[in-house]
2 protein chains.
Amino acid sequence: MIERAHLKIIQALADNGTLTEAANALFLTQPALSHQIRYLEKKLGVALWQREGRQLRLTQGGELLLQTARQLLPVLEKTEQTLQAYGEGRQGMLRIGVECHPCHEWLKGILANFLVALPDMDVDIVNKFQFSGLEGLLNHHVDLLVTPDVVRNKAVIYEPLFDYELVLLVPDDHSLSVNESIFAEDLINETLLTFPVPHDRLDIFTQFLLPALISPKTKGIASLDIMVQMVALKRGVTVLPSWLANEYCQQLPVTTVSLGKHGLQKTLFAAMRESNMAINYLQTFITLGKQAV
Amino acid sequence: MIERAHLKIIQALADNGTLTEAANALFLTQPALSHQIRYLEKKLGVALWQREGRQLRLTQGGELLLQTARQLLPVLEKTEQTLQAYGEGRQGMLRIGVECHPCHEWLKGILANFLVALPDMDVDIVNKFQFSGLEGLLNHHVDLLVTPDVVRNKAVIYEPLFDYELVLLVPDDHSLSVNESIFAEDLINETLLTFPVPHDRLDIFTQFLLPALISPKTKGIASLDIMVQMVALKRGVTVLPSWLANEYCQQLPVTTVSLGKHGLQKTLFAAMRESNMAINYLQTFITLGKQAV
DNA sequence: CTCAATCATGAATATTTCTTATAGATAAGG
DNA sequence: CCTTATCTATAAGAAATATTCATGATTGAG
């Protein structure tokens, strides 16, 4: 019944004094406005303005409609602007899921660049998922997932972001510390410190130990910091990304050794719903992520 | 750009789950909604929903539009209801001007009836005017004027409300108190107590004394109560509506005497702008005013 | 695999809105 | 007092917009 046009007409009339002026301001002709309000008056059964000489004067009803116009029109304009900003990828909320510790560490580095590039974007980081990160992505709990695991799904696109190597961390004076690289068999008598998750979710098992049918003693530790401390205190060895390991090497008596002759190479991926591929800020994130080597 | 229809569609979709259901709820066909939102998406350059299997899911933009819809639609509906109430004369603000003391006294009696008859109406009473009450009516400072003076004006309609008589008030033991009525000459040696306004605005002069070329001593008094007290104390005589005078006669040693053989008859009128004649609550006021004899 | 449910699309139709032309009313100026 | 300029209302036709109908595509269930 009351349309945006009516609100605009009443406001333009109040702002411009005469209907003719109001029509110019709205890039319409005067009869257009006359007709519109006439129609509304008929529908509502109330007069909205009255002729007074050659002027129009708002009735009580017209004044009420004017109030409504002044309240609602700015809201509509704001919404339009924000939606346009969404469309151009300047504004919005990016919800990022991270499933692994290296993912989280890596994200911290890239995030600042992203927020500088798109100052009006909000970012939310989610690292607890009811099931898997992929579920979170498909259920729209997150819009982007940083993960090293590629799980084939036709609704999801994976973009490689960052290559790194998993290395073994040993005490400086450990017998393996002199090697450039080791074989799976070298770990047979070691205590392996890992995050407390099933072995099939740890690359050191799936890609290094299991193929060689080696299965050393393990101990689950929840915190990376404590894990590294325990390595320094010779309570075991652990496996972590080389760029993280190198930081610890400078502070503690620990050394890195490659896993296998060619090292254990990994890649972080950005996963997103295929339907979101075209969204600008997601592409921006991926571009920045690839640059930030 | 964003029209009420778009808001209704997004809300109906959110409330009904599927577009087909939403279309039913809006008494439209599904393609109508599809086309509408498609148009808006093109205009704004942002997706508002996505197909997900055979469901639709709102995007961030769609969620924002939904928020806007939930905020604005109720306001529009409320405004429509209120305007309809205005049209039916159930609701609104009645601003009544009163120019004379009897008018004000009379208004007090009728007002309660009016407020009972139209419980949603607000009433404002104005008794100070920059110029005259008629000016106040023509300038839209009031919508209705209660006055005994009819000033011809083609934009104003006068409706008679109430007939009354102006009477002389004298002390019980005054020489004139025994008369049923008096002549202008009888007042020649009296002190006449009046409101402090020009004589040409007092009926006792314009309609009784001046035609007889009689001009007694006068004294201006601002308050009716004090005026009557002074009459009781034999400091003069005064003129007031009989229905007011009778109340004082019961409390004080004063008596009323008619002015001239047939008394000085007066009528209160309701004046309103001709353009407002059709407004229901004004007609209601007049009807109630005439009944309240 | 088939069927039913759901949304998208394009063309045709229906409806609404706008403009043009004109008339009525009014205030200002000669 | 008449004329003119200004402003709004109204009617009819033109233009724009919205809706429907017919259809195709996709998907999930049986």
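Letters go in sequence order (proteins before strands), and every chain restarts at 1. The figures that follow rest on heavy atoms only: side chains count, while hydrogens, waters and symmetry mates do not. Predicted, not measured: the structure shown is a model, and the values here were computed from it.
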Among all residues two or more places apart in sequence or in another chain, which pass the side-chain contact (heavy atoms from CB on, under 4.5 Å) test with B:Asn139? B:Glu135, B:His141
Pairwise salt bridge (Lys or Arg N to Asp or Glu O under 4.0 Å) hits with a residue in residues 58-77 of chain B, at least two apart: B:Asp15-B:Arg70
Indicate every side-chain donor-acceptor pair of residues 22-36 of chain A with a distance under 3.5 Å to a residue at least two apart or in another chain.
| unit_1 | atom_1 | unit_2 | atom_2 | d |
| --- | --- | --- | --- | --- |
| A:His35 | ND1 | A:Pro31 | O | 3.3 |
| A:Gln36 | OE1 | A:His6 | NE2 | 3.0 |

Let me check something: any side-chain donor-acceptor pairs from residues 40-50 of chain A under 3.5 Å, sequence neighbours excluded? List them with distances.
| unit_1 | atom_1 | unit_2 | atom_2 | d |
| --- | --- | --- | --- | --- |
| A:Glu41 | OE1 | A:Arg38 | NE | 3.4 |
| A:Glu41 | OE2 | A:Leu48 | N | 2.7 |
| A:Glu41 | OE2 | A:Trp49 | N | 3.4 |
| A:Gln50 | NE2 | B:Asn276 | OD1 | 3.0 |

Please list, chain by chain and in numerical order, all residues satisfying side-chain contact (heavy atoms from CB on, under 4.5 Å) with A:Arg90, sequence neighbours excluded. A:Ala85, A:Glu88
Could you list the residues that satisfy side-chain contact (heavy atoms from CB on, under 4.5 Å) with A:Arg54, not counting sequence neighbours? none
Do nucleotides 3-11 of chain D as a string where each nucleotide becomes B, S or -: B if the base has a protein heavy atom under 4.0 Å, S if just the sugar-phosphate does, - if no protein is that close. --BBBBBBB
Between C1' of D:dA18 and CZ of B:Phe27, the distance in whole Å: 18 Å
Nearest whole angstrom, please: distance from the P of D:dT19 to the CD of B:Glu3. 11 Å
Distance under 4.0 Å to a non-hydrogen atom of chain A counts as contact; along DNA chain C, which nucleotides mark the start and end? C:dT17 to C:dA27
With sequence neighbours left out, write down each residue that passes side-chain contact (heavy atoms from CB on, under 4.5 Å) with B:His101, or none if nothing qualifies. B:Glu105, B:Phe195, B:Leu224, B:Leu244
Evaluate the side-chain proximity of B:His199 to B:Leu210: yes if any heavy-atom separation is below 4.5 Å, no if none is. no
